Visitor: 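Here it is, the structure, as structure tokens.
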Amino acid sequence: MRRPVDWAGADLSACPTPPFQTRITELFGIEHPILCGGLMWLSDARYVAASVNAGGMGFITARTFPDPGAFRAELQTCHALTGGRPFGVNLYLTPHDADNAFIKGHIDILLEEGVRIIETAGLPPKDLLPGLREAGARIIHKTSTVRHAVSAAKLGIDAVTVVGAECGGHPGVQLVGTLVQTPLAAERLTLPFAVGGGIGHGAQLVAALAMGADAVLIGTRMLAAAEISAHPAYKARMIEADEGASRLIMQSFRNTYRVLDNADARSVAALEAAGETDYERYRPFVAGVQQRLAYDTGDWERGVLSMGQSIVFARGPQTVAEIYAQLLAEAMVARARLASR
């Protein structure tokens with residue numbers, strides 16, 4: 001059973017703005033060290049603009065809008081909603097060249113539309129960097145281990161994100177937790193860095209900053225936000241879910257995926273347990289179209305739906321601005337608690 005909302009006596013009106021300044025807030029020109037990572041099918045103009053207007057940074061997922069015209073229109077809509085404040089675009093690179101073919105055209109479009117903040121993920125973006133750097137873009141690359149973050153830092157990017165095993169989506173194969181990754185990253189990186197994975201409470205923001213991070217990356221915590229364009233039935237399931245409502249699948253393919261524990265995820269797990277190695281047997285469950293249908297119809301039992309352990313903090317329907325306010329209020333309570341000790 002979910003706990004009721006408890007902000008530990010936080011008074012939102014007492015939360016100074018902005019209370020935390022870091023290398024990431026300076027790099028992106030934002031008020032708060034909170035990044036809303038790219039969510040496939042969900043990171044659209046409305047959600048990203050809400051993140052930006054709340055004082056953080058958001059990233060439209062390019063793969064959500066493969067059609068060039070639709071992608072350009074989404075960027076223009078986001079510009080209008082933010083009143084010209086900068087926002088980001090997420091570029092995910094797969095190991096399959098054919099799947100990445102549209103990326104170059106989308107980069108041309110985003111640069112033409114004035115976007116200069118890029119979140120890359122998947123493969124290292126070494127082939128994309130010359131053009132992006134020449135255009136003055138600021139690039140943050142997401143990895144699942146500190147070792148990969150150190151390698152990515154040598155490419156000439158501006159910042160990195162390291163996600164821990166608790167994160168929704170792809171936490172990597174080593175499954176190292178965020179509490180270990182964060183101080184390790186602080187020891188081994190000189191670039192500004194964000195950490196993600198299981199983060200959905202303001203006390204965790206304070207802890208991450210105390211361990212050396214420059215920002216936190218939040219995804220799962222936002223899945224029930226008012227601005228997320230998903231069916232109300234799906235959001236209701238997110239609010240109901242607790243810290244044990246996810247499961248890991250696709251580990252046998254070295255493509256570990258943390259998702260909502262639903263019917264399709266259990267079907268995938270059963271195939272893996274039986275030793276099935278033919279990817280085509282998995283495709284009906286893991287195909288992206290199934291995820292899109294789940295978000296559109298509210299049938300949360302279908303598709304493998306990225307969701308991390310921080311879903312437990314999504315305790316009610318809120319706007320993105322209200323979530324930010326809660327995070328910051330919780331952070332101030334945590335900081336005061338620490339000072340009192």
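Every value quoted in this text rests on a predicted model; they were computed, and no experiment measured them.
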Visitor: Side chains of Gln326 and Glu330: do they bring a donor and an acceptor to under 3.5 Å?
Guide: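 Note: Gln326 and Glu330 side chains meet the donor-acceptor criterion.
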
Visitor: Output all residues satisfying ring-ring contact (aromatic ring centres under 6.0 Å, His included) with Phe71, sequence neighbours left out; order by chain, then residue number.
Guide: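 By the ring-ring contact (aromatic ring centres under 6.0 Å, His included) rule, Phe71 matches His106.
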
Visitor: Evaluate the salt bridge (Lys or Arg N to Asp or Glu O under 4.0 Å) criterion for residues Asp214 and Arg23: first the C-alpha distance (whole Å), next the side-chain angles of each, then the deciding distance (0.1 Å), finally the verdict.
Guide: CA-CA 6 Å; Asp214 297 283; Arg23 295 181 295 174; 2.8 Å; yes

Visitor: Can Lys235 and Leu223 be said to form a side chain to side chain contact (heavy atoms under 4.5 Å, CB included), step by step?
Guide: CA-CA 7 Å; Lys235 292 185 182 182; Leu223 289 177; over 6 Å; no

Visitor: Between Phe87 and Phe59, is the gap from one ring center to the other below 6.0 Å?
Guide: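 No; Phe59 has its ring centre 6.0 Å or more from that of Phe87.
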
Visitor: Is there a donor in the side chain of Ser252 and an acceptor in the side chain of Glu272, or the other way round, less than 3.5 Å apart?
Guide: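 Judged by distance alone, the side chains do pair up.
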
Visitor: Counting the benzene-type ring for Trp, do His170 and Tyr257 have ring centres under 6.0 Å apart?
Guide: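 Close enough - the centres of the two rings lie under 6.0 Å apart.
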
Visitor: Do we see a donor-acceptor contact under 3.5 Å between the side chains of Glu26 and Gln21?
Guide: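 Note: Glu26 and Gln21 side chains miss the donor-acceptor criterion.
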
Visitor: Counting N and O atoms only, with roles assigned by atom type, does the side chain of Thr64 sit under 3.5 Å from a partner on the main chain of Ile60, one being a donor and the other an acceptor?
Guide: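 Here the side-chain-to-backbone pair does not exist.
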
Visitor: Within the side chain of Thr178, is there an N or O that forms a donor-acceptor pair under 3.5 Å with the backbone of Gly197?
Guide: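 Checked: pair present.
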
Visitor: Can you tell me if Arg221 and Gln318 form a side-chain donor-acceptor pair at under 3.5 Å?
Guide: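 Gln318 and Arg221 do have a side-chain donor-acceptor pair below 3.5 Å.
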
Visitor: Please check if any side-chain donor atom of Ser246 sits under 3.5 Å from a side-chain acceptor atom of Arg258, or the reverse.
Guide: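 The criterion, which ignores hydrogens and geometry beyond distance, is satisfied for Arg258 and Ser246.
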
Visitor: Does anything in residues 75-93 pair up under salt bridge (charged side-chain N to carboxylate O under 4.0 Å, His left out), and if so which pairs, sequence neighbours excluded?
Guide: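 Matches after skipping sequence neighbours: Glu31-Arg85.
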
Visitor: Test side chain to side chain contact (heavy atoms under 4.5 Å, CB included) on Leu217 and Val195 and set out the steps.
Guide: CA-CA 6 Å; Leu217 180 75; Val195 292; over 6 Å; no

Visitor: Can a side-chain donor-acceptor contact be found between Thr120 and His141 if the only test is distance below 3.5 angstrom?
Guide: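 Yes, a side-chain donor-acceptor pair sits under 3.5 Å.
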
Visitor: Under a 3.5 Å cutoff, is there a donor and acceptor pairing between the side chains of Thr61 and Asn90?
Guide: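 Checked: Thr61/Asn90 side chains show no N/O donor-acceptor pair below 3.5 Å.
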
